[in-house]
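Below is one structure, written out as C-alpha cells, with a few remarks after it.
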Protein chains: 2
Amino acid sequence: MIRLDPGRTLFDQGDAADFVYNVTAGTVRLSMTLSDGRRQITGFMLPGDFIGLSSRAVHSYSAEAVSPSQLCRFNAPALRQMAERVPGLEHELFARVRDELDAAHDQMLLLGRKSPREKIATFLLDLAGRRQRWGERPDRVHLDMTRGDIGDYLGLTLETVSRTLNRMKRDGVIALPSAAEVVFLKTEVIEGLAQSQVPARPG
Amino acid sequence: MIRLDPGRTLFDQGDAADFVYNVTAGTVRLSMTLSDGRRQITGFMLPGDFIGLSSRAVHSYSAEAVSPSQLCRFNAPALRQMAERVPGLEHELFARVRDELDAAHDQMLLLGRKSPREKIATFLLDLAGRRQRWGERPDRVHLDMTRGDIGDYLGLTLETVSRTLNRMKRDGVIALPSAAEVVFLKTEVIEGLAQSQVPARPG
DNA sequence: CGATCACTTGAACACAGTCAACTAAGGTGG
DNA sequence: CCACCTTAGTTGACTGTGTTCAAGTGATCG
C-alpha cells in the first residue's frame, strides 16, 4: 500500500516500469512533458483504475497525485502469479487496456476537433460518470484538480478553462457553488455539447 | 483476403466488431466523426498493423482504405484457435494493443500541445520510420493520404497542412518533388521540431 | 495576520481557421 | 487525341477565437 500527498510523484517519464498500480483512493494524473515545459495530461486515474498496465520496460509518462491518494503496488511476478490463480484476471486486464485505448481515441477526437465548451462538457460528464460508479451523485461533480490541470488535459490554457466554466455558469447550464464544485443544471445541454461517443464503459 | 479500393469502407463506427484484420498492403485510415461532420483520424494503419484488436462488441471508429489495400480477416474463434497453437501469439497481440496505447498517448501530446510545424514534423518522421521497417528509404516518405486526411489526423485544416509543408519547403527543411513526395533535407531540424517521445517501436 | 496559491477577469495580440479564387493533375468520353 | 470535368492542392485576404500578458480577488495555511 502506497500513500501519496498531493503533488507527489509516483514515477517519472523514463523510469523503469517494474510495477503496476491500482488506485484505491484519491486521484492521480498521468502526464507527458515536452522539453520546454508544455505538458499534456493523458488521464486522471480514479479508484479502481490501473496504472502502468500499458507500459513496456520504461514509463512513457509521469504519474503524480492530484489529491491525497492510496495505491496498491504489484510487481510483474506477483501479477503473473495472481493471473494463474484468479481465472479471468488476464482477460480483465486485457479488457482494461482496450478500454483505455478506446478512451484515448475519444480524447483524440476531443483534442483535435472539439471547441472549448464541448471539451469542458465532455470532461465534466466523463468525470461525473466515473465517480457515479462509486456512489456519487450524477448531477454534480467535485474537481480535485486545478484549472491548469484541466487545461493540460483538454489542450487549453487555464484561463480558457476558467472563462468557459464561468460562461456556462452565466448561461445557466451549470452552477459553481465553489471553484471545485460543479452542479449540472441543464444536463441535456451539457450532453448535447459533449456528443459523447462513450456509452458508459462498464467496470 | 479482402481487397479495398481507395475510399472504400471496411467497417463503420457502430458496426458489430466480429472480425480482426491484419493489413497486408496499402493504407487504411481509422476515424471518428461528430454529428456535424467534424472528423478525427485516430490512425493510419500500414502493412503489418492489426485493426480491431481493441474493439469490444462494437467498433468505435470507422475504417476506410486510403490507397488500394489488402487485409487478412480473422474471426474471434479462429483467432482464439490460432492463439492456442502459436505460442506467444497472445502476448504479441497484447503487446500490439499496448503499443497502440502508447502511440495514442503520444498523439494526445501532439494534438493538445504541439504547433502545426511540430505536428507535421512528428507526422512525417513517424510515417517514414514505420515505412522504413519495410525497406523504404529513411530520408523520404510518400504520402498516400490527402492534405485533408493529414489535417484530420493532426487537428489542423487542410489549408494549414498545405501552408506548413510549403513553408518547410521554403525554409529548406524538406523538398516536395510532388505533392505526395516529401524528402527530408535537414533531418536534425525535423527531429528537433518533433521532439519525438517514441524511441522507435519494434515490430 | 501575512504569504502563497488558485482562480477570475480584462485587454491586446497572434495564429490558425474560414472563405474564396486559382492552378495542377488525372481520368473519362467524345 | 484532345476537351472537359473532377478532385486535390496552393495561395491570398480577412476574421475570430483562444492565447498571452497583466492585474486583481479570494481562500487556505502556517
Side-chain angles (χ1 to χ4, degrees), chain A residues 5-7 27 29 34 36-41 64 66-68 110-121 123 142-171 174-182 193, chain B residues 5-8 27 29 34 36-41 64-68 110-121 123 142-171 174-182 193:
Chain A
D5 286 333
T27 304
R29 66 168 180 252
L34 293 170
D36 61 358
R38 279 175 294 173
R39 185 180 65 155
Q40 178 67 38
I41 290 179
E64 297 132 352
V66 164
S67 58
L110 177 148
L111 289 168
R113 289 297 176 225
K114 287 188 180 177
S115 69
R117 275 179 79 100
E118 294 169 333
K119 287 178 176 181
I120 295 282
F123 170 67
H142 179 86
L143 309 174
D144 38 13
M145 64 291 288
T146 67
R147 301 291 190 261
D149 283 342
I150 298 173
D152 283 347
Y153 180 58
L154 301 178
L156 302 169
T157 60
L158 66 94
E159 292 95 332
T160 299
V161 172
S162 176
R163 272 189 257 266
T164 305
L165 280 170
N166 284 293
R167 183 166 150 226
M168 289 171 82
K169 174 187 176 184
R170 227 193 36 183
D171 294 348
I174 60 172
L176 292 169
S178 77
E181 217 63 45
V182 181
L193 281 169
Chain B
D5 286 332
R8 301 308 298 273
T27 304
R29 64 167 179 252
L34 293 170
D36 61 357
R38 280 174 293 173
R39 185 181 65 155
Q40 179 66 38
I41 291 178
E64 297 131 352
V66 164
S67 58
L110 176 147
L111 289 167
R113 289 298 177 222
K114 287 188 180 178
S115 70
R117 274 180 78 101
E118 294 168 334
K119 288 178 175 181
I120 295 282
F123 170 66
H142 178 87
L143 310 174
D144 38 13
M145 64 290 289
T146 66
R147 301 291 190 259
D149 284 341
I150 298 172
D152 283 347
Y153 179 57
L154 301 178
L156 302 169
T157 60
L158 65 92
E159 293 94 332
T160 300
V161 172
S162 177
R163 272 190 257 268
T164 305
L165 279 170
N166 283 292
R167 185 167 149 227
M168 289 173 81
K169 173 187 176 184
R170 227 193 35 184
D171 294 348
I174 59 172
L176 291 170
S178 77
E181 216 63 44
V182 181
L193 281 169

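So you know, we letter chains A, B, ... as the sequences are listed, proteins then strands, and number each from 1.
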Item checked: Along DNA chain D, first and last positions that approach a heavy atom of chain B under 4.0 Å ->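 Taking any atom under 4.0 Å from a heavy atom of chain B, the span is D:dG9 to D:dA13.
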
Contact check, side chains of [X] and [Y], non-hydrogen atoms, under 4.5 Å:
| X | Y | value |
| --- | --- | --- |
| A:Gln40 | A:Leu111 | yes |
| B:Met168 | B:Asp171 | no |
| A:Ile120 | A:Leu165 | yes |

Checking [X] side chain against [Y] main chain: does a donor-acceptor pair fall under 3.5 Å?
| X | Y | value |
| --- | --- | --- |
| A:Arg29 | A:Tyr153 | no |
| A:Thr27 | A:Ser67 | no |
| A:Arg167 | A:Arg117 | no |

Margin query: What residues from residues 158-166 of chain A pass a heavy-atom cutoff of under 4.0 Å to DNA chain D?
Written below: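 Contacts with DNA chain D under 4.0 Å: A:Glu159, A:Thr160, A:Arg163.
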
Notebook entry, point to check: After noting the C-alpha distance and the side-chain angles of A:Leu143 and A:Phe123, does the key distance pass the side chain to side chain contact (heavy atoms under 4.5 Å, CB included) rule?
Noted result: CA-CA 11 Å; A:Leu143 309 174; A:Phe123 170 67; 4.1 Å; yes

Checklist line | Nucleotides bounding contact with chain B, strand DNA chain C, heavy-atom threshold 4.0 Å | finding: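 On DNA chain C, the outermost contacted nucleotides are C:dA16 to C:dC19.
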
Check: When the nearest nucleotide of DNA chain C is assigned to A:Leu176 and to A:Arg113 on a heavy-atom basis, which residue is associated with the more 5' position?
Finding: A:Leu176

Note to self: Run the side chain to side chain donor-acceptor pair (under 3.5 Å) test against B:Arg38 and tell me which residues pass, sequence neighbours left out.
What the structure shows: A:Glu118, B:Asp36

Check: Can you list the steps and then say if A:Leu158 with A:Thr146 is a side chain to side chain contact (heavy atoms under 4.5 Å, CB included)?
Finding: CA-CA 8 Å; A:Leu158 66 94; A:Thr146 67; over 6 Å; no

Next item on the list: Would you work out how much the helix from C:dC1-D:dG30 to C:dG30-D:dC1 bends between its ends, with each end axis defined by five base pairs, to 10 degrees?
Entry: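 Terminal axis comparison yields 30°.
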
Note to self: Measuring from atom NZ of A:Lys114 to atom CG of A:Leu154, what distance do you get when rounded to the nearest 0.5 angstrom?
What the structure shows: 10.0 Å

Checklist line | Atom pair CD1 (B:Ile41) and CG (B:Asp149), whose distance is rounded to the nearest 0.5 Å | finding: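 Going from CD1 on B:Ile41 over to CG on B:Asp149, the span is 4.0 Å.
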
Checklist line | Sugar-phosphate only, base, or nothing, as touched by A:Gly151 at under 4.0 Å among non-hydrogen atoms | finding: nothing

Note to self: Ignoring hydrogens, what is the shortest heavy-atom contact between B:Pro116 and B:Thr160? Give both atom names and the distance.
What the structure shows: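 Scanning both residues completely, I find the closest heavy atoms to be CB-CG2, 4.0 Å.
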
Note to self: For residues 152-162 of chain A, which residue pairs pass the salt bridge (charged side-chain N to carboxylate O under 4.0 Å, His left out) check, not counting sequence neighbours?
What the structure shows: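 Residue pairs passing salt bridge (charged side-chain N to carboxylate O under 4.0 Å, His left out), neighbours aside: A:Arg39-A:Asp152, A:Asp152-B:Arg113.
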
